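In what follows, a structure is listed as structure tokens, so that the remarks can point back to it.
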Amino acid sequence: MEIEKNKAEAKAIVTSWKENGLSVGFVPTMGALHEGHLMLIRASQKENDKTVCSIFVNPLQFNRKEDLENYPNTMEQDLEMLENEGCDLVFVPNAEAFYDGVVIPTYDFGLLGKTMEALHRPGHFEGVAAVINEFFKTLLPTRAYFGEKDFQQLAIIKWLVAKENFPVNIVACKTVRAESGLALSSRNLRLSADGRQLAASIYETLHYCKNSKSNFSPTTLVTSAIDKLKNTFDVEYFEIVDGENFQQVDKWEESANPRAFVAAHLEGVRLIDNLSLNP
Ligand code: AMP
């Protein structure tokens, strides 16, 4: 496994692979790797000759300084995990060098840029789009792998690829969960053992919405979901929106693909999750 800090060097490695007719899968991460990330690596390995993983805590996508400063860092362990998985290249750029000379693009994401994560984390998706734009320009992978855990981010990436005409295939991968249902997340490392147990009620609540869909309107479900969560969590939002156009769903007939989304804080940790409400 090669480990590369330098953008030009990483580009040269991937370019030489592609010149030799090899397909390249790319898995961008912010490190503190867990089974969710490894599932993306494995999906890439199945479909490509070479797999590149990046570990880069992108400062541009953090709207709160403390969040960036507290972001877990387990680099040594991450590299060991990637080596064990048989990853071919790990790109670990330094933020200053990575963005040196880069003009940060400005985008109008439409509704995607005005709802849920976009509203609650101003500048977040602009930062995500900036880093992915630069990654794709640098590495031009054949395919790139993203988790449905960050469903709105996935939609932003698809939007970006269409907008910039990147010849990159975006592959969406299902959310990997702990046995309790809690979506795996690097941020879970900052929860206490009790907190991790309590956090499982996020998934239970999403599931409750899925199971109760035939009995209640979306609006009623949102109210009862917030009621269920509010004693344990500081709920930032709970919404049911269409999984394609991200319009709020007020009546089930309005959406063929309703999806529940939640952001909630526990023990000072911001947790997000989402679930399709279709059977
Ligand atoms: P992050 O390191 O949190 O920026 O995540 C890197 C990639 O891994 C993103 O595409 C995430 O959506 C994905 N990811 C994170 N957690 C999970 C999970 N539990 N299941 C599936 N994908 C995940």
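Because only heavy atoms are used, hydrogens play no part in the values below, and waters and symmetry mates are left out as well, while side chains stay in. As the structure lists them, so they are numbered: ligands from 1, and atoms in each ligand from 1. Worth saying up front: this structure is predicted, and the values here are computed from it rather than measured. The first residue of the sequence shown is numbered 1, and numbering continues consecutively from there.
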Could you please spell out the steps behind the side-chain contact (heavy atoms from CB on, under 4.5 Å) verdict for F26 and V168?
CA-CA 10 Å; F26 174 47; V168 180; over 6 Å; no
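- Distances below 4.0 Å separate heavy atoms of K174 from the following atoms of ligand 1: 20 (N), 21 (C).
- At a heavy-atom distance under 4.0 Å, no atom of V27 approaches ligand 1.
- Smallest separation of non-hydrogen atoms from M81 and L33: CE-O, 3.5 Å.
- Ion pairing of E267 with R196 is absent here, as no side-chain N (NZ or NE/NH1/NH2) approaches a carboxylate O to less than 4.0 Å.
- The distance from ligand 1 to the heavy atoms of D150 drops below 4.0 Å at these ligand atoms: 11 (C), 12 (O).
- Near L184, meaning under 4.0 Å from any of its heavy atoms, are these atoms of ligand 1: 16 (N), 17 (C), 18 (C), 19 (N).
- Counting atoms of ligand 1 from 1 in the listed order, those under 4.0 Å from a heavy atom of F146 are 10 (O).
- At a heavy-atom cutoff of 4.0 Å, ligand 1 is contacted by the side chain of H34 but not by its backbone.
- Nearest protein neighbour of atom 23 (C) of ligand 1, counting heavy atoms only, is K149 CB, 4.0 Å.
- Residue contacts with ligand 1 for E148 are absent, since no atom lies close enough (heavy atoms, distance under 4.0 Å).
- K7 has a carboxylate O that lies under 4.0 Å from a charged side-chain N of E134, or vice versa, which qualifies the two as a salt bridge.
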Stepwise side-chain contact (heavy atoms from CB on, under 4.5 Å) test for W17 and D49
CA-CA 9 Å; W17 286 340; D49 300 309; over 6 Å; no
